[in-house]
Student: 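This is the structure I want to talk about, given as structure tokens.
Chain identifiers are assigned alphabetically (A, B, ...) following the order of the sequence lines, protein sequences preceding nucleic acid strands; residue numbering begins at 1 within each chain.
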Protein chains: 2
Amino acid sequence: MELKPVTERFILHWGEMGSRWGVNRTVAQIHALLFLAGRPLDAEEIAETLSVARSNVSNSIKELQAWRLVRVVHLMGDRRDYFETSADVWTLFKLIVEGRRQREIDPTLSVLRECLASPDMAAESLGSRQRINETLAFMEILTTWMDEMLRMQPETLMKTLGVGAKISKVVRKSPAESKR
Amino acid sequence: MELKPVTERFILHWGEMGSRWGVNRTVAQIHALLFLAGRPLDAEEIAETLSVARSNVSNSIKELQAWRLVRVVHLMGDRRDYFETSADVWTLFKLIVEGRRQREIDPTLSVLRECLASPDMAAESLGSRQRINETLAFMEILTTWMDEMLRMQPETLMKTLGVGAKISKVVRKSPAESKR
DNA sequence: CGATCGTTTCTGTATAAGAAGAAATATTGA
DNA sequence: TCAATATTTCTTCTTATACAGAAACGATCG
């Protein structure tokens, strides 16, 4: 598949940002490609379009599946795996936040709870104890609230965020328009 | 400085998570150390406590300053630089979100705007155009709303988040207790 | 204006991550 | 069951990052 100029720009940029977002370039590029393609692609086509090794596509797809950002679909009379991502930005955002939460927050919550429960905690200074306590409390509030937010429908969310209806429409449009 | 067991655990964990959060181990460890120490430390003491090279401390501190997470302070009659971070979790959170926004969001906003403004945009399919549009709209809504949230006082914020007053108190306690 | 102490920059090395290509495995259709 | 094709795993090479140690630089005090 030949990429149009803007699509290419978008994919290359997404790839560069990938490293800052905690995924490697190829993973981010594949996701961007699937997002813009708007139709399922097979691994071969992805590899050719992005000029990366076939195996690299395979591994990257696996990582995207771990994030639940990519699904497998099949076409009648074709035994290849085709891959697609959601066309809806809000859905993608939810999945990404969930993934980051699991990787970047949850382990810390566990450790903080263990620290606070430990008998060694008594040996710590009052200040340390308080700060560890506050850190845990803060992170719990934040994640609880984030979970609630993620359960919302885009419309409800936009109201909650106090955003005008005009932009809300733009976001809402996407699931309808995606043809699947 | 000898670290107490829980402090050490906290610092080591913070360091491990650092890589997932986009900063290296030493940077995260130093930040954790300053957070728990509750008093300004000089570079030498940091290096000894964490058993890292003096130059490593110097560079890591610079990165923490770029995040605005660490400040320099001086003690009368002592020409060394002492470093401290905020004891208030909410303040730290704000600085981190701001930093990540600059690094992880703003460049993408620019590129998306450029893409949409480009004459090449006409060559793109309707679906691509819509998805790029929606991506930008979504990210703009989100950042605008985040900016508003970050300007809030903890108390206001907690009300907005619909969190009970009891936890709000825990968060509020910290600026008062920090002795500076 | 030296001497001392602190800070920054530079350079080499070790480690980890990314990606390609080859090899092995699995699946389908004839 | 065999041949053809698709997919995954393994190995190797490359690149990027982290870190230590040394050297250079800068500032302050006597």
Student: dT7(D) P sits how many Å from E63(A) CD, rounded?
Tutor: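 Atom CD in E63(A) sits about 19 Å away from atom P in dT7(D).
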Student: Side-chain N or O of T26(B) versus OP1/OP2 of dC19(D): is the shortest distance under 4.0 Å?
Tutor: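 Yes, because at least one side-chain N or O of T26(B) sits under 4.0 Å from OP1 or OP2 of dC19(D).
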Student: Rounded off to whole Å, could you give me the CZ-to-C1' distance for the R25(B) and dA14(C) pair?
Tutor: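 Going from R25(B) (CZ) to dA14(C) (C1'), I get 12 Å.
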Student: Return the value, rounded to whole Å, for the distance between atom CZ of R54(B) and atom P of dA24(D).
Tutor: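 About 18 Å, once rounded to whole Å.
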Student: I want to check one thing: is the phosphate of dT9(D), taken as OP1 and OP2, less than 4.0 Å away from some side-chain N or O of K62(A)?
Tutor: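 Affirmative; the distance criterion is met.
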Student: Could you tell me if R25(A) sits above the aromatic ring of W14(A), with its cationic atom closer than 6.0 Å to the ring centre and no more than 45 degrees from the axis?
Tutor: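 Cation-pi check for R25(A) and W14(A): fails.
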Student: Please determine if a side-chain N or O atom of R79(A) lies less than 4.0 Å away from the OP1 or OP2 oxygen of dT7(D).
Tutor: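 Result: no.
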Student: Has S58(B) got a side-chain N or O lying under 4.0 Å from the OP1 or OP2 atom of dT8(C)?
Tutor: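 Affirmative; the distance criterion is met.
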Student: Can R54(B) and E44(B) be counted as an ion pair, charged N to O under 4.0 angstrom?
Tutor: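 The answer is yes: the pair qualifies as a salt bridge.
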Student: If I take atom CG in residue D81(A) and atom C1' in nucleotide dT5(D), what distance separates them, rounded to the nearest angstrom?
Tutor: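 Checked: the CG to C1' distance equals 13 Å.
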Student: Other residues, nucleotides and ligands only: do more than 12 of their heavy atoms fall within 6.0 Å of CZ on R68(B)?
Tutor: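 No, the 6.0 Å shell around CZ holds no more than 12 heavy atoms from other groups.
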Student: When the distance from CG of L41(B) to P of dG6(C) is rounded to whole Å, what number comes out?
Tutor: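 One finds 15 Å between P of dG6(C) and CG of L41(B), rounded.
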Student: Determine: side-chain N/O of N59(A) to OP1/OP2 of dT8(D), distance under 4.0 Å, yes or no.
Tutor: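 N59(A) to dT8(D) OP1/OP2: no side-chain N or O under 4.0 Å.
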Student: Treating W21(B) as the side-chain partner and E104(A) as the backbone partner, does any N or O pair qualify as donor plus acceptor under 3.5 Å?
Tutor: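 Yes: the side chain of W21(B) pairs with the backbone of E104(A).
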Student: Could you tell me the separation between the CG atom of N24(A) and the P atom of dT15(D), rounded to a whole number of Å?
Tutor: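 Roughly 16 Å, once rounded to whole Å.
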Student: Just compare dA22(C), dA20(D), dG6(C) and give me whichever is closest to any side-chain atom of A53(B).
Tutor: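 Per side-chain heavy atoms of A53(B), the pick is dA20(D).
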Student: Rounded to the Å, how far apart are Y82(B) OH and dG6(C) C1'?
Tutor: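 Rounded to whole Å, this separation is 12 Å.
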Student: Quick one: does S128(A)'s side chain have a donor or acceptor within less than 3.5 Å of a partner on E124(A)'s backbone?
Tutor: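 Between the backbone of E124(A) and the side chain of S128(A) there is no qualifying donor-acceptor contact (under 3.5 Å).
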Student: To the nearest Å, give me how far apart CZ (R20(A)) and P (dA17(C)) are.
Tutor: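 Value for this atom pair: 20 Å.
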